Amino acid sequence: MDPSTWFYAISLIKILVVFGVLMTTLAYLQWVERKVIAHIQVRPGPYFVGPHGLLQPLADVIKLITKEDLLPPYVNKPLYLAAPFIAVSMALLSISVIPFGPEIDVFGYHTYMQLTDLNIGVLFVLAASSVGVYGVALAGWSSNNKYALLGALRSSAQMISYELPLSLTIAAPLLISNTLSLRKLVETQGGNPAHAGTLWNWNLFHGWQWIGFLVFLISAFAETNRIPFDLAEAENELVAGFHTEYSSMKFASFFMAEYANMITVSAMAVLLFLGGWVAPWPAEYGSGLVPVAVFALAGLIAVYHGLHPARRRDRFSLPAAGLVFLFIAAAFLAPFTQSWLLPLFWFCAKTGAILFAFIWVRGTLPRFRYDQLMGFAWKYLFPVAIVNLLATGLGVALFG
Amino acid sequence: MSQVPLSWFLVLSALLFALGVAGFLFRRNIITVFMSIELMLNAVNLSFIAFAYQHKDVSGHLFVFFVMVVAAAEAAVGLAIILTVFKNRATLNIDDISSMKD
Amino acid sequence: MDVILFLIFATIAVVAAVNVVVQSHPISSAISLIGVMGSLAVLYLLLGAEFIAAAQVIVYAGAVMVLFLFVIMLLNAGTETRQSKSETAHLLGVPALLVFALLLAYFIRSQPDSGVHFGGFTGGSAQAVGRALFTTYLLPFEVTSVLILIAIVGAIVLARKEI
């Protein structure tokens, strides 16, 4: 086959794999969130559909698809129908430039673990997220409902305000790495195989960048409309905010958009500050054995609990899960998988840690008041982000 | 034919500019009039980019950049003025906002 | 391929621009204007202006138009009432349209045909734009920052309650 056919074939496969994995992750992120919140609040969470509620996302999807799709008579129809579509497509669009790993070899064909590498990748993600605001704004306006309109107004004001500190903190690591391409960004943080990196090459530990990282995370919480900044859908004041009038799959698309945005923002944080798919320390010192150890330990614990079951239903489910974990641990040891599985593991582990922080904060913090929210963005985050950018620029100019 | 003549871009730009002028003259809602101005600015930007391509020179992009900055500043001030006008007169019709003329 | 791409996005831009002018509700006009800006961004990309294309989407579509939408929602601007048709508009408008069309036709025919081949110019990267911005165009750049400061102050003064 000639190279261009290869290119199309590989790209198509990559798109299918990424899309499938992303959709599954979106569904299971909801499950993870419910479980984590439940355990924070000392209750078991979803438990009845499948072992430990593992099939709950499937049940949710079936429920959402088969629900009646209401179209209120007083809405502005074209915009009402377009809004969830805009929200979800813009949220999924940014995934296409996120690199998950380095260049790999597929049957002798070199390809990147990334759908496409734009040399304006960072700007692309910013652009997609800023267009995503329209999904929320139009949903609220076209619903012709005062709660929805108020939610949309709040959310668009919030997203515009928090986009500024977000962009300014993104600019600081870009100054250090001197590129807009997300892949090169990771390579400057030690992803280059020529000088295998350590923790200290990450942008997070570059001078005072942890301040920028904190501002980025806080803005990211606001940008994705998550607690403590979920003013747009404050249930006890606004019913459900901008998606009050939505039902069935249209409602689900807003949820998908929210979770996809969470994943994108976490991945961006990992790529910008946490070194992307780079292991925290070089493989010569055994970073390659960490995933093996983690999965083997998880598998052994699951098997142990399966042999001493607290509940009758755990007798089969836990050993089965344990065996799956042990199998994954073994997969990490196989030589032909290490080149792509290890970077993928580190990328997913870092992204997962930030996603867990999202859920953790949701289980911990109360909601802001609206004036506090805007005041916080403009009076604290924005100045800090500007000073951070200026100081970083000065540092880069002086010390290269 | 796999090449687009440069003139097509300029014609597109002229069409958009003319539509912007038409909107500016025909519409009575002050916000829509303002949006027509933005449309005209965008039309001019397209010409700049097309000429930048033609001359293989990045300067045209810089002009567009400055136009964008000016447009953003203009939008901030203009919309603040519109809000103030609406607060004082409760109308958005430009025919009703003519006290400087009377 | 280039011609097809150009025609698709040019058509979208023109149709959306017509929509901006003829729609009676400001929200519809605003959405159409976003459509114009989006298709123009694609054309910029095809002309090798990748940084400007991204800036177009981020600044215009992402910030300026959201501001417009925000004001329209806030003021609850309704549909516009049609004005009575004026005689002068007809008398002046039809000849002006004809002159415009003739000029366009003349322009298309007389222009020496220098083709645009997409991908033929790659000097519009963020790096090139930044280099030009901070060397040749440093003074205008600094002046724009003052302009933006003035705009911020102006907007805040106008938004105060007393006026």
Side-chain angles (χ1 to χ4, degrees), chain B residues 1-12 14-16 18-20 22-23 26-29 31-32 34-36 38-39 42 45-46 49-50 52-54 56-62 64-66 68-77 79-84 86 88 92-93 95, chain C residues 1-3 6 10 13-14 17-18 20-21 26 29-30 33 36-37 40 43-44 47-49 51-52 55-56 59-60 63-64 67-68 71-72 75 77 80 83 100 104 107-108 111 113-117 120-121 123-124 128-129 132-133 136-137 140 144 147-148 151-152 154-155 158-159 163:
Chain B
M1 190 171 83
S2 72
Q3 292 200 329
V4 187
L6 182 75
S7 51
W8 289 16
F9 282 94
L10 302 178
V11 167
L12 176 63
L15 273 177
L16 294 181
L19 284 165
F26 293 152
R27 301 303 300 266
R28 300 267 71 87
N29 187 319
I31 298 178
T32 319
F34 203 10
M35 283 194 277
S36 306
E38 298 290 338
L39 182 55
N42 266 283
N45 284 353
L46 180 61
I49 299 282
Y53 178 94
Q54 179 72 2
K56 303 280 185 280
D57 187 355
V58 81
S59 302
H61 298 187
L62 270 300
V64 176
F65 182 79
F66 288 125
M68 279 182 190
V69 174
V70 171
E74 173 209 329
V77 177
L79 289 173
I81 292 175
I82 290 177
L83 279 177
T84 316
F86 186 79
N88 288 333
L92 288 174
N93 192 332
D95 289 336
Chain C
M1 187 66 182
D2 293 3
V3 178
F6 173 81
V14 170
V18 170
V20 171
V21 180
S29 294
L33 190 51
V36 176
M37 286 163 176
L40 283 185
L43 289 180
Y44 294 171
L47 285 170
F51 176 74
I52 294 296
Q56 165 97 353
V59 175
Y60 259 129
V64 173
L67 220 56
F68 271 95
V71 169
I72 296 171
L75 301 185
E80 197 174 305
Q83 298 284 311
F100 179 69
L104 278 190
F107 190 59
I108 294 174
Q111 183 77 5
D113 233 26
S114 51
V116 168
H117 171 66
F121 174 55
V129 172
L133 200 60
T136 324
Y137 296 91
T144 18
L147 176 79
I148 287 182
I152 294 173
L158 282 169
I163 294 177

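The shown structure was predicted, so the numbers you read here are calculated from the model rather than taken from an experiment. Letters A, B, ... mirror the listed sequences (proteins, then strands); counts begin at 1.
- The line from CG of Leu40(C) to CG of Leu12(B) is 6.5 Å long, rounded to the nearest 0.5 Å.
- Put simply, OH on Tyr60(C) and CE on Met68(B) are 6.5 Å apart, with the number rounded to the nearest 0.5 Å.
- Counting heavy atoms from C-beta outward, Ile82(B) and Leu75(C) have side chains that approach closer than 4.5 Å.
- Taking CD1 of Ile49(B) as the start and CG of Leu43(C) as the end, the distance is 10.5 Å to the nearest 0.5 Å.
- Shown here are the side-chain contact (heavy atoms from CB on, under 4.5 Å) partners of Leu67(C), two or more places apart in sequence or in another chain: Leu79(B).
- Using a 4.5 Å cut-off between heavy atoms, Leu19(B) contacts chain C through both its backbone and its side chain.
- Residue contact with chain C, scored on non-hydrogen atoms closer than 4.5 Å, involves the backbone and the side chain of Ile81(B) alike.
- Ranked by heavy-atom pairs shorter than 4.5 Å toward chain B, the options Val36(C), Val129(C), Val59(C), Ile148(C) are led by Val129(C).
- Heavy-atom pairs under 4.5 Å with chain C were tallied for Leu39(B), Asn42(B), Val69(B); the largest tally goes to Asn42(B).
- Note that CD1 of Ile72(C) and CD1 of Ile31(B) are 5.0 Å apart. Values are rounded to the nearest 0.5 Å.
- Both the backbone and the side chain of Phe65(B) come within less than 4.5 Å of a heavy atom of chain C.
- Interface residue Leu33(C): only side-chain heavy atoms are found under 4.5 Å from chain B.
- Listed by chain and number, the residues in a side-chain contact (heavy atoms from CB on, under 4.5 Å) with Leu104(C) are Val11(B), Ala14(B), Leu15(B), Phe100(C) (sequence neighbours excluded).
- Distance alone, capped at 3.5 Å, places no donor-acceptor pair between the Thr32(B) side chain and the Pro26(C) backbone.
- Here the side chains of Val71(C) and Phe34(B) are not in contact, with every heavy-atom distance at 4.5 Å or above.
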Steps toward side chain to side chain donor-acceptor pair (under 3.5 Å) verdict (Asn45(B), Gln56(C)): CA-CA 10 Å; Asn45(B) 284 353; Gln56(C) 165 97 353; 4.7 Å; no
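- For the pair Tyr44(C) and His61(B), the minimum side-chain heavy-atom distance is 4.5 Å or more.
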Could you check Phe9(B) against Leu47(C) for side-chain contact (heavy atoms from CB on, under 4.5 Å), going step by step and ending with a plain yes or no? CA-CA 10 Å; Phe9(B) 282 94; Leu47(C) 285 170; 3.7 Å; yes
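- When each of Ala13(C), Ala49(C), Ala155(C), Ala63(C) is checked for heavy-atom pairs under 4.5 Å with chain B, Ala49(C) comes out on top.
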Assess whether side-chain contact (heavy atoms from CB on, under 4.5 Å) is satisfied between Leu83(B) and Leu158(C), documenting all intermediate values. CA-CA 9 Å; Leu83(B) 279 177; Leu158(C) 282 169; over 6 Å; no
